[in-house]
Amino acid sequence: MTYKKISLMKRTLKYILILLTQISCAASAQKDTRNITAYQDSVAAKKIALSHFIQGKVDEMKDRYAEAILEYQDALQLDSSAGIHYALSKNYLRLNKLALARQYAEKAVSQEPNNPDYYFLLGRIYYVSNNPDSAESIFKRIIAMDSTDIEAYFNLGQIYEANKPLEALDIYKKLLNVTGPEWMVLIKIADLNERLGKVDETIKTVENLLELNPSSLNLQKILAEAYIKSGKYEKALKLINDAMRLYPNDLKLIELKGTAFVQQDEWTKGAGEYKKIIHEKNVPFQTKLKIAGMFLARATKDTTDLPLAKELLQEINKDSSDWQVKAYLGEISLTGKNDSTAIEYFKQASKLAKWNANVWTRLGGLLFDKRKYKEAADELSKVVVDFPENFPINLILGLSLSQINKNTKALPYLKKAIELNPNDLNANLAYAFALNQLKKEDDALVYLKKVITIDSTNVQALGMMGLIYDSKKMYPECDRAYEKALAVDSTDPLIQNNYAYSLSERGIQLERALKLVKNALKKEPKNSSYLDTIGWVYYQLGKYKKAEKFVAEAIKIDDKNSTQFDHLGDIYNKLNKKNEAVKMWQTAIELDSTNTTILKKIKASKS
C-alpha cells in the first residue's frame, strides 16, 4: 500500500530551500543602516542553524538518532522553526523518549497548525504512549483537513481495533473506497471479521485478496480455515488438496486437513493427518497439545476413539516431558479403567508441575477414590505447606488421614477446609467423623447439626447422629435420627444395620431389627459388621445356634474385631461351651484391653 508520506530527503530539501529563501529575501531587501549589524547576525545564525540541521539529517539517515538530536538542538538555539521541533520529536520517538517527543511535536503543531505531517507525528506519539483518545482526536482532525489522507484513516482504524472493532471495520471499508482493493486494508478487514465471528464476511474478503494474489499460500490457509469454521468442509478440503500439490509437506496445511476431517466426525482420517506433524519440531507444542486434548475430549464421549487419543498422546510423550501430556495420559488411562497406570501418570505430572495445585488434587483424589488412603496422605502431606489455602488439598488430606485412623492429625486439615468453605457438606461431615472417633461426641454433634441445617435429608449425618446418641444412651434422639434417615432412604444398608444393632442392644423391636439387618445383608452379604449384627439379633431372640453361625462367619472375614469375639463368647456361654467362651473373651481382651466388662466375664466363668 502506498501511503501519503513525504520522504526524509524530500522533507530535508524542502526545509533547506525554505531557509535559503528566507536568507536570500533578507539579502535583497533595503535595510536601515542602524539594523545592518543585527541583520547580518540573523543571516549568519540562519546559515549555522541550516548547517546543524543538514548534519542532523545525515546522522538520522545513518540511524545515529542521538547524534542527530544534538545537531537539531544546536540548530534550535539559532532557529526556532517548526520543522526543527518536528525533527527533534521524530528522533526522540525513535529512541522511545515519549515525553520529549510529545513536547516537541506539540510545539511544531502550535507553530504550524495546518501542517498534516506534524499532526500525524503527534497522533503516532499519543498512540504509542497508550493515549488512544488523544490519538483518535488527532487523526480525525487530519481527515477533516484532507478526507483522502489514507494514512490517517489507516491509523484511526488501528486505534479502533482493540476496543471498537465495528468502528474499525467501518473505517477500513471507507478506506477501500479511497484506495480500491488494497492488500493491507483487506487483511485488516479479514482479521476483524474473524474476531467478530463474521465468517462469511471473512471468506468474501479473503476470496477478494486471493484474486489480487492467487499464489499466496498464507491466504489459502486463511480461507481454508474460514471454510472449516463455516462448515464448508468440501471447499476447505479441495483448497487444501490443491495447495498441497505444490506444498505437500506444509505443516499448517496438514493440520487444517486433519481439522476438516475431525469436524466431519472422521476421527480416524483426522488422526492420520495429525500423526504426520506430531514429531515435527516446527509445530508449536501447544498446537500438539491442542490436538491431543481434542481427541481426549472425544474419547471421553465415545470410548471407541480412546486408542486414537492414546496413540497421539504417547507419540507426543516420546519427545516431551511436559506435565500436561502426563495428565492427559492419566485421564485416558482412567477412561480405559487402568487405574494403576493413571496414578503413575499423575505422579509424573505432579513432579513436573509441583506448582500446580490442580494436579496434586487430581492425584490425591484418585488415590483416595481407590482407597489408597495412606498413599494419598503421604503425597498431599508433601505439598500442603505450599498450598495452605487450597480447599481440596486440605480436605482430601484430612479425609485420608481419618481413613487410616490418624484422626488427631486429620483435624487441623479438616478444620482448615471448613474455614475455607464453611458450608461444604463433605468437610463438615469428615470433621464430625474425626471428632467422634476421638470421643469428642458433643463437638461432633455441633457439626452434624450444621450439616442437617444445610441439608435436612443428609443420610450420613443422620446416621452418625444416631450412632452418637446411641453411645450416649440418648435413645429418643437416637431413634428420631435413624427414623429420619430411613424416611429419606429406606434401603441404606448402613442405616439399617446400625439401627438394628441399637435395637438389639436394647432388646426391643427385635423382629423389626431382624428385618432391617436382613435387608442390609442382601446388599452386602460379606460385610462382617452386618453378619455380627444379625447374629446378635438372633442371640437376643434366644436363637443361639443361628447366632453362632453368623458371628463365626463374621470373624472369618474380620478377625481383628474385639466386639465380634466378645459376642461369640457370649453365644458359647449360652450354649454351655464354657471353655470356648473363655477363649473368645480372652481374644477379645487381647484386641481391646480397655474393655473391663469382658474381664468380669472371664473372672465370673472361673469362679
Tell me, do [X] and [Y] make a side-chain contact under 4.5 Å, heavy atoms counted?
{"X": "Leu329", "Y": "Val325", "value": "yes"}
{"X": "Trp360", "Y": "Ile393", "value": "yes"}
{"X": "Leu296", "Y": "Leu312", "value": "no"}
{"X": "Asn317", "Y": "Tyr328", "value": "no"}
{"X": "Gln286", "Y": "Lys290", "value": "no"}
{"X": "Leu251", "Y": "Glu255", "value": "no"}
{"X": "Phe295", "Y": "Val262", "value": "yes"}
{"X": "Leu420", "Y": "Lys416", "value": "yes"}

Just by distance, do the side chain of [X] and the backbone of [Y] share a donor-acceptor pair under 3.5 Å?
{"X": "Ser216", "Y": "Leu219", "value": "yes"}
{"X": "Ser456", "Y": "Ile452", "value": "no"}
{"X": "Asn394", "Y": "Pro388", "value": "yes"}
{"X": "Tyr172", "Y": "Gln158", "value": "yes"}
{"X": "Lys523", "Y": "Thr491", "value": "yes"}
{"X": "Ser129", "Y": "Ile125", "value": "yes"}
{"X": "Thr287", "Y": "Val283", "value": "no"}
{"X": "Thr361", "Y": "Ala357", "value": "yes"}
{"X": "Asp305", "Y": "Leu308", "value": "no"}
{"X": "Ser110", "Y": "Lys107", "value": "yes"}

Closer than 4.0 angstrom, basic N to acidic O: yes or no for [X] and [Y]?
{"X": "Asp322", "Y": "Lys326", "answer": "no"}
{"X": "Lys370", "Y": "Glu375", "answer": "no"}
{"X": "Glu67", "Y": "Lys62", "answer": "no"}
{"X": "Lys450", "Y": "Asp455", "answer": "no"}
{"X": "Lys174", "Y": "Asp170", "answer": "yes"}
{"X": "Glu280", "Y": "Lys288", "answer": "no"}

Are side-chain N/O atoms of [X] and [Y] paired as donor and acceptor at under 3.5 Å?
{"X": "Asn131", "Y": "Ser134", "result": "yes"}
{"X": "Asn213", "Y": "Ser215", "result": "yes"}
{"X": "Glu106", "Y": "Tyr118", "result": "no"}
{"X": "Ser402", "Y": "Tyr373", "result": "no"}
{"X": "Tyr126", "Y": "Glu136", "result": "no"}
{"X": "Asp63", "Y": "Tyr65", "result": "yes"}

Can you run down the side chain to side chain donor-acceptor pair (under 3.5 Å) pairs that involve residues 236-251, sequence neighbours left out, and say none if there aren't any? Lys221-Asp250, Lys238-Asp242, Asn241-Lys257, Asp242-Arg245
Set out, in order, the CA-CA distance, both residues' side-chain angles and the distance that settles side-chain contact (heavy atoms from CB on, under 4.5 Å) for Leu414 and Leu401, then state yes or no. CA-CA 10 Å; Leu414 293 173; Leu401 289 167; over 6 Å; no
Is there a side-chain contact (heavy atoms from CB on, under 4.5 Å) between Asn91 and Arg94 once you walk through the steps? CA-CA 5 Å; Asn91 284 275; Arg94 285 167 173 161; 3.4 Å; yes
When rounded to the nearest 0.5 angstrom, what is the spacing between [atom1] in [X] and [atom2] in [Y]?
{"X": "Ile396", "Y": "Asn426", "atom1": "CD1", "atom2": "CG", "value": "10.5 Å"}
{"X": "Ile277", "Y": "Ile254", "atom1": "CD1", "atom2": "CD1", "value": "7.0 Å"}
{"X": "Asp369", "Y": "Leu334", "atom1": "CG", "atom2": "CG", "value": "9.0 Å"}
{"X": "Ile240", "Y": "Lys252", "atom1": "CD1", "atom2": "NZ", "value": "9.5 Å"}
{"X": "Arg141", "Y": "Ser137", "atom1": "CZ", "atom2": "OG", "value": "8.0 Å"}
{"X": "Ile138", "Y": "Asp133", "atom1": "CD1", "atom2": "CG", "value": "12.0 Å"}

Kindly give the heavy-atom pair with the smallest separation between [X] and [Y], and that separation in Å.
{"X": "Gln403", "Y": "Phe368", "answer": "CG-CE1, 3.9 Å"}
{"X": "Ala82", "Y": "Ala108", "answer": "O-CB, 3.6 Å"}
{"X": "Ile159", "Y": "Ala135", "answer": "CD1-CB, 3.5 Å"}
{"X": "Leu239", "Y": "Tyr227", "answer": "CD2-CE1, 4.1 Å"}
{"X": "Ala376", "Y": "Gly364", "answer": "CB-O, 3.9 Å"}
{"X": "Thr335", "Y": "Ala299", "answer": "CG2-O, 4.2 Å"}

Using salt bridge (Lys or Arg N to Asp or Glu O under 4.0 Å), reason through Asp265 and Arg298 one step at a time and then give a plain yes or no. CA-CA 10 Å; Asp265 274 344; Arg298 170 71 178 183; 3.7 Å; yes
Could you check Leu367, Leu363, Leu397, Leu395 and say which one makes a side-chain contact (heavy atoms from CB on, under 4.5 Å) with Leu380? Leu397
Could you check whether the rings of Tyr104 and Tyr92 sit parallel, tilted or perpendicular, using 30° and 60° as the cut-offs? parallel
Taking only residues two or more places apart in sequence, or in another chain, which ones meet Glu167 in a salt bridge (charged side-chain N to carboxylate O under 4.0 Å, His left out)? none
Would you indicate whether [X], at its atom [atom1], is surrounded by more than 12 heavy atoms from other residues, nucleotides or ligands within a distance under 6.0 Å?
{"X": "Asn163", "atom1": "CG", "value": "no"}
{"X": "Lys269", "atom1": "NZ", "value": "no"}
{"X": "Lys276", "atom1": "NZ", "value": "yes"}

Given side-chain contact (heavy atoms from CB on, under 4.5 Å), test Ile69 with Leu95 step by step and report yes or no. CA-CA 10 Å; Ile69 286 171; Leu95 294 175; 3.6 Å; yes
Quick one: do Phe346 and Glu331 satisfy side-chain contact (heavy atoms from CB on, under 4.5 Å)? Show the steps, please. CA-CA 9 Å; Phe346 279 115; Glu331 296 294 348; 3.4 Å; yes
Between Phe139 and Phe120, does the ring centroid distance fall short of 6.0 Å? yes
Using the side chain to side chain contact (heavy atoms under 4.5 Å, CB included) criterion, which residues pair with Glu201? Sequence neighbours excluded. Asn193, Lys198, Lys204
